[in-house]
Amino acid sequence: MAPVRDPNTLSNYDAWRTKHTTANFKVDFAAKSLRGSVVLELESQTDKASNEIILDSSYVDVACIKLNSTPSKWEIKDRTGPNGSPVHISVPSGASKGEVVKLEIDVATTEKCTALQWLTPAQTSNKKAPFMFSQCQAIHARSIFPCQDTPDVKSTFDFNIQSPHVVVASGVPLPDAPEEAGQEKIYKFQQKVPIPSYLFALASGDIVSAPIGKRSSVATGPNELKASQWELQDDMDKFLNAAEKLVFPYRWGEYNVLILPPSFPYGGMENPIFTFATPTIISGDRQNIDVIAHELAHSWSGNLVTSCSWEHFWLNEGWTMYLERRILTSIHQNDAYFDFSAIIGWKQLEEAIKEYGKDHEYTKLCISHKGIDPDDAFSTVPYEKGFHFIYYLDRLVGRENFDKFIPHYFSKWANKSLDSYEFKDTFLEFFGAPEYASLESKLSEIDWEGRFFSPGLPPKPELDTSLVDVCFQLADKWRQADFSPSSSDISSWTGNQVLVFLNLVQNFEVPLTPEHSQKLGKAYGLTESKNVELKSAYYQIAMAAKDTSSYAGVAELLGEVGRMKFVRTLFRSLNNVDRDLAVRTFEKNRDFYHPICRALVEKDLGLGAPGSA
Ligand code: BES
Ligand code: ZN
């Protein structure tokens with residue numbers, strides 16, 4: 001019996017393991033609640049040594065729990081910190097090792113559910129129907145239904161979802177059942193690849209779809225469909241082919257993208273079959289679809305091979321950043337692209353570490369999560385420190401060798417979860433083979449403990465700067481107060497090059513003057529840009545310049561996008577220059593933001609109820 005290795009679950013998954021989950025829900029838009037039943041099939045890991053099953057839950061209403069079809073004794077205990085309230089279900093006679101018991105849980109979500117956002121028709125773009133969507137990573141699945149809410153447990157799923165509007169889920173859609181007169185339709189999906197609870201996903205609303213590739217379609221609101229299809233249709237198959245060449249064939253069947261309303265709190269979420277994505281990637285210039293390459297890459301790193309707890313989250317995100325950059329480099333057919341993107345990542349890592357302080361726990365690759373809410377520990381660190389660790393290993397053994405390790409690692413751990421030490425063992429075992437004998441001394445150089453647990457920046461790699469050099473040169477010109485810009489300065493650049501340039505200017509020790517900052521915005525068309533990455537980077541410069549004329553634009557943007565990457569950084573800066581406006585803007589848009597975003601911004605602005613932080 002392996003000990004529980006995830007500090008963010010209260011479940012006793014060392015004694016019982018969920019093998020299959022059936023989710024039967026009705027989407028009740030009027031009550032803003034999912035209600036129905038969830039059936040968990042749990043396999044006993046011990047020989048009658050456990051007389052209770054403990055599940056995670058958070059703010060759910062449980063009406064009844066049946067054990068093997070008979071009402072059972074159960075109790076929801078008090079909340080303990082960020083992990084929620086454990087549900088204890090008694091199994092009086094236990095179960096023999098390998099025996100499967102069935103728990104049927106009647107459950108409804110409540111107003112306090114942190115995983116779901118409910119939008120009224122007025123909050124949608126065509127105003128015709130309400131909309132709901134879920135976001136379960138990291139530990140929000142437990143606020144939809146009681147479960148073993150840990151990435152260390154994987155279950156297959158059946159979804160039976162009744163709704164008056166189209167439903168999308170993280171399973172393969174099954175043919176429609178014949179509709180009964182007067183009854184709402186039941187949408188059915190099946191997920192045959194075992195997935196952790198954080199990949200459970202649902203959305204429902206006025207959703208239509210269109211093809212974007214041989215195995216892919218995009219789904220979104222009717223008003224957004226054409227633009228979404230245009231943004232993705234050129235690259236989707238290229239991404240899939242490149243990823244398959246790098247790792248091995250895609251194992252999930254379809255790969256689709258759901259473009260959500262603007263309050264979606266992340267850039268993208270790798271829900272299987274349907275990646276959920278922010279509408280900010282539909283920028284009309286195909287400059288932000290690296291998010292899709294990223295979420296697609298999770299089909300191997302994260303969804304097939306999963307970190308066993310949020311302490312080893314870098315195994316998901318670091319590997320995904322690495323695969324994303326390899327995919328995009330092969331499509332651009334330019335090796336300099338890889339280094340360019342890695343330099344951007346390094347810069348972001350430097351900034352995050354500066355912000356936290358170089359000794360902060362959250363700057364470690366492996367972050368202790370005892371008593372910690374994973375949403376609080378979330379940052380770019382696991383992404384970029386993780387990426388730079390994988391990239392370091394790649395260079396150490398050489399690209400040709402590393403490319404053989406990639407499919408080995410992903411097939412060895414497919415459908416399983418692992419920790420950093422298991423990753424280390426897999427790497428050393430693979431390169432310990434006789435044909436790699438010449439690598440021996442290099443392998444012994446790797447400081448695994450230091451890489452896993454040292455806070456702050458890792459050793460700096462050498463990177464090809466050819467694509468960033470122009471960004472530095474232009475930024476240097478802006479150090480001179482009399483520089484006269486022209487739109488041609490950046491007209492041939494990629495969106496990411498403009499972004500690097502803007503980040504450099506934002507970090508000037510002496511900020512621009514308000515006039516100079518305005519000149520920059522006008523010359524490069526930034527305030528009118530449909531590209532929110534660029535627009536928000538520009539607003540950072542404007543706020544650093546104390547250009548008060550820009551604050552209204554910042555407040556307006558904060559009412560249009562709910563992606564936390566923009567919202568949190570814009571709020572932090574606005575709070576520094578005009579706290580009153582920041583607080584008013586937050587209050588005005590409170591209902592627009594997703595519950596996760598709302599809670600984090602509330603903390604960032606120091607607005608939490610006393611004692612709730
Ligand atoms: N899995 C993440 C999003 C996530 C992480 C949600 C942790 C909740 C908790 C997703 O794959 C992601 O990394 N999205 C990025 C995309 C980017 C790195 C291209 C985002 O949202 O910005
Ligand atoms: Zn990711």
Side-chain angles (χ1 to χ4, degrees), residues 8 82 114-115 117 133-141 143 149 151 170 195-201 239 243 255 257-260 262-272 274-281 283 287-307 309-325 327-328 341-342 344-345 348-349 352 362 367 369 372-387 390 495-496 499 532-533 536 561-569 594-597 599-600:
N8 291 110
T114 51
Q117 187 171 23
F133 66 89
S134 67
Q135 167 57 44
C136 289
Q137 196 179 14
I139 57 167
H140 300 282
S143 106
D149 198 7
S170 46
I195 54 168
S197 52
Y198 78 86
L199 293 177
F200 175 90
F239 287 173
Y255 177 84
V257 178
L258 174 69
I259 303 294
L260 286 119
S263 61
F264 186 66
Y266 291 97
M269 176 63 216
E270 64 273 27
N271 298 319
F274 264 100
T275 277
F276 283 20
T278 166
T280 60
I281 66 167
S283 44
Q287 291 290 313
N288 292 295
I289 52 175
D290 43 357
V291 171
I292 299 304
H294 178 98
E295 305 314 332
L296 172 68
H298 273 304
S299 306
W300 292 269
S301 48
N303 296 6
L304 215 51
V305 175
T306 311
S307 65
S309 81
W310 306 111
E311 300 192 319
H312 305 275
F313 181 51
W314 75 272
L315 285 169
N316 285 7
E317 297 299 344
W319 260 110
T320 300
M321 289 307 305
Y322 177 83
L323 295 179
E324 174 199 329
R325 288 180 173 138
I327 293 168
L328 292 170
S341 182
I344 298 180
Q348 289 171 352
L349 182 61
Y362 295 171
I367 298 170
H369 271 63
I372 300 290
D373 180 342
D375 284 345
D376 288 337
F378 178 81
S379 82
T380 198
V381 171
Y383 288 74
E384 296 299 348
K385 203 167 183 172
F387 163 80
I390 301 287
N496 276 339
L499 199 59
V532 182
E533 289 277 3
S536 71
V561 298
R563 182 176 173 187
M564 291 197 283
K565 173 178 175 185
F566 304 128
V567 173
R568 293 185 72 189
T569 45
H594 186 278
I596 300 174
C597 176
L600 288 168

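When a ligand or atom number is given, it counts from 1 through the structure's own listing order.
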What's the separation between atom [atom1] in [X] and atom [atom2] in [Y], rounded to the nearest 0.5 Å?
{"X": "Ile390", "Y": "Glu317", "atom1": "CD1", "atom2": "CD", "result": "12.0 Å"}
{"X": "Thr306", "Y": "Leu199", "atom1": "OG1", "atom2": "CG", "result": "7.0 Å"}
{"X": "Asp375", "Y": "Gln137", "atom1": "CG", "atom2": "CD", "result": "9.0 Å"}
{"X": "Trp314", "Y": "Glu384", "atom1": "CH2", "atom2": "CD", "result": "13.5 Å"}
{"X": "Phe378", "Y": "Arg568", "atom1": "CZ", "atom2": "CZ", "result": "9.0 Å"}

Looking only at protein heavy atoms, which one is nearest to [atom], and what is the separation?
{"atom": "atom 22 (O) of ligand 1", "value": "Arg563 NH2, 3.3 Å"}
{"atom": "atom 2 (C) of ligand 1", "value": "Glu317 OE2, 3.4 Å"}
{"atom": "atom 16 (C) of ligand 1", "value": "Glu295 OE2, 3.6 Å"}
{"atom": "atom 3 (C) of ligand 1", "value": "Gly268 O, 3.6 Å"}
{"atom": "atom 20 (C) of ligand 1", "value": "Gly267 N, 3.4 Å"}
{"atom": "atom 4 (C) of ligand 1", "value": "Gln137 OE1, 3.2 Å"}

For the residue pair Thr114 and His140, confirm or rule out a side-chain donor-acceptor distance under 3.5 Å. yes

Show me which atoms of ligand 1 lie under 4.0 Å from any heavy atom of [X].
{"X": "Phe378", "result": "5 (C), 7 (C)"}
{"X": "Phe313", "result": "5 (C), 7 (C)"}
{"X": "Gln135", "result": "6 (C), 8 (C)"}
{"X": "Glu270", "result": "1 (N), 2 (C), 10 (C), 11 (O)"}

Looking at the Zn ion (ligand 2), which N/O/S atom of His294 is the nearest one? NE2

Need the atom name: nearest N/O/S atom of His298 to the Zn ion (ligand 2). NE2

Check if Tyr383 has a non-hydrogen atom at a distance under 4.0 Å from any atom of ligand 1. yes

Under 2.8 Å: N/O/S of Glu317 next to the Zn ion (ligand 2): yes

Got an N/O contact under 3.5 Å between Glu324 and ligand 1?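 There is no such contact.
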
Looking at Glu533, is its backbone amide N or carbonyl O close enough to the side chain of Asn288 to form a donor-acceptor pair, meaning the two atoms are under 3.5 Å apart? no

Between Phe133 and Phe276, does the ring centroid distance fall short of 6.0 Å?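 So the answer is no for these two rings.
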
Any chance you could lay out the side-chain hydrogen bond (donor to acceptor under 3.5 Å, both in side chains) test for Arg563 and Thr278, step after step, and finish with the verdict? CA-CA 7 Å; Arg563 182 176 173 187; Thr278 166; 5.0 Å; no

Do the rings of His294 and Tyr383 sit parallel, tilted or perpendicular, given the 30° and 60° boundaries?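 Because their plane-to-plane angle is under 30°, the rings of His294 and Tyr383 count as parallel.
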
